[in-house]
Number of protein chains: 2
Amino acid sequence: MSLRHLILALVAARESTGYEITKEFDEVAGFFWRATHQQVYRELGTLADAGLLRFSEVEQHGKPDKKVYAITAEGRKAFADWFREPTDPPRAADPLMIKFFAAELVGIDELRRQLANARARREAILAAYEAIQAQHYSEPMKEMPRWKQLIFMTLRLGMARERAWLEWADESEKVLRT
Amino acid sequence: MSLRHLILALVAARESTGYEITKEFDEVAGFFWRATHQQVYRELGTLADAGLLRFSEVEQHGKPDKKVYAITAEGRKAFADWFREPTDPPRAADPLMIKFFAAELVGIDELRRQLANARARREAILAAYEAIQAQHYSEPMKEMPRWKQLIFMTLRLGMARERAWLEWADESEKVLRT
DNA sequence: CCGCCATATGCAACTATGTGCATAATGGTT
DNA sequence: AACCATTATGCACATAGTTGCATATGGCGG
């Protein structure tokens, strides 16, 4: 599992509570990774049990108490070990492909509608990425600190992916018009 | 779940046994979808229990007996209903992005190695897709029957995806060299 | 004749992820 | 006073997917 390692990395970068990590996921959601607060709290618990994280309970006034998690030496080692292992390219299973595969059962018109719908969603995603770029990554890459370049490259992958998909959709629409 | 619907579509296209469907998955594996034989047999059972498929046991000589599954009217309807629902674009979570995100914890050199490794795998995948195209889809698309066009488009998406990734990798390698 | 391969099906256990619900403090809104 | 939003954490259950093991027939090569 990789969520485990992403949380490890987030906590390594900055000591955090489950709530804060969940918010980070919500903000970066889509162009990188997704996780619900349940998943986050559960993983934090598992990681703490395994000794890869430790936490201290912090009392607050005006807000409920919280648990601040920090990475341990063991956690750092586990992360580095995982990092050095080669990563399998993720399988990209798109249910829309099932619709292509089986379109003749239901009708090409309906497939066209499904494709148009998927296109609209993808266009919205790309627009959101472009807005993030315009807002946060408008300076030339050479001027960014290394950490920012790296995160920007993850956004660039998201954009490249959506653009490639949209070009494919153009081609598909052309074929379906015939 | 979508595997359910893919199996429904496969059985609708041609009455099949679990074994045959598993082989279809192995052959199409990667450019479309993946499933183990366990998953396939389990889904077939579930679908039959739900009345979306029915099966007849066929005795064979020289080979173990088999169950041949066919789609029911209910199954056809369930598939069509699913088809008409809009599909969420799948979240594309790539663990390599975690490595970009957290590279400074482990070192940029190691990230470069990981990127080179991922590139090699992606290049192999693209080469495999291109081989499939050369072998099975070498004629102009206009000359293909509709069903073949549609399946070819799923392969084209796989190729578009890998090419986009490789272009992104070029860009990333350039940035990491600085 | 022994082991391997292809055909054929399946259970059990585990991991991963998603959905729904529950709780609790405080401050602001209607 | 009732309700909602924000901060903060978590259990229980359901669904999806993976891994390991089990079983059975029969042909083929060594």
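Each chain gets a letter, A, B and so on, in the order its sequence line appears, and its residues count up from 1.
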Could you give all pairs that pass the salt bridge (Lys or Arg N to Asp or Glu O under 4.0 Å) test and reach residues 115-136 of chain A, with sequence neighbours left out? Asp94(A)-Arg122(A), Arg119(A)-Glu123(A), Arg119(A)-Asp170(A), Arg119(A)-Glu173(A), Arg121(A)-Asp88(B), Arg122(A)-Glu162(A), Glu130(A)-Arg163(A)

So, OP1 or OP2 of [N]: does either fall under 4.0 Å of a side-chain N or O from [X]?
| X | N | answer |
| --- | --- | --- |
| Gln39(A) | dG18(C) | yes |
| Tyr41(B) | dG10(C) | no |
| Tyr19(B) | dT7(C) | yes |
| Lys23(B) | dA8(C) | no |

Are the side chains of Phe152(A) and Met144(A) in touch, meaning some heavy atoms are under 4.5 Å apart? yes

Pairwise N/O distances under 3.5 Å, protein to nucleotides 22-27 of chain D:
{"from": "dG26(D)", "atom 1": "O4'", "to": "Gly62(B)", "atom 2": "O", "distance (Å)": "3.4"}

Rounded to whole angstrom units, what separation is found between the CZ atom of Phe25(A) and the P atom of dA8(D)?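 Taking CZ of Phe25(A) and P of dA8(D), I get 18 Å after rounding.
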
Per the atom types in the model, does the base of dG18(C) pair as donor or acceptor with the side chain of Arg42(A) at under 3.5 Å?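 Pair found.
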
Distance-only donor-acceptor check, side chains Gln39(B) and Glu43(B), under 3.5 Å: no

Any donor and acceptor pair, going by atom type alone, linking the side chain of Ser2(B) with main-chain N or O of Pro95(A) inside 3.5 Å? no

Tell me, which pairs form a ring-ring contact (aromatic ring centres under 6.0 Å, His included) where one or both residues lie in residues 103-125 of chain B, sequence neighbours left out?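 Listed by first then second residue: nothing to list.
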
Taking the nucleotide of DNA chain C with the closest heavy atom to each, which residue, Ala35(A) or Thr17(B), is nearer the 5' end?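 That would be Thr17(B).
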
Answer yes or no: are there more than 12 heavy-atom neighbours, outside Lys148(B) itself, under 6.0 Å from its atom NZ? yes

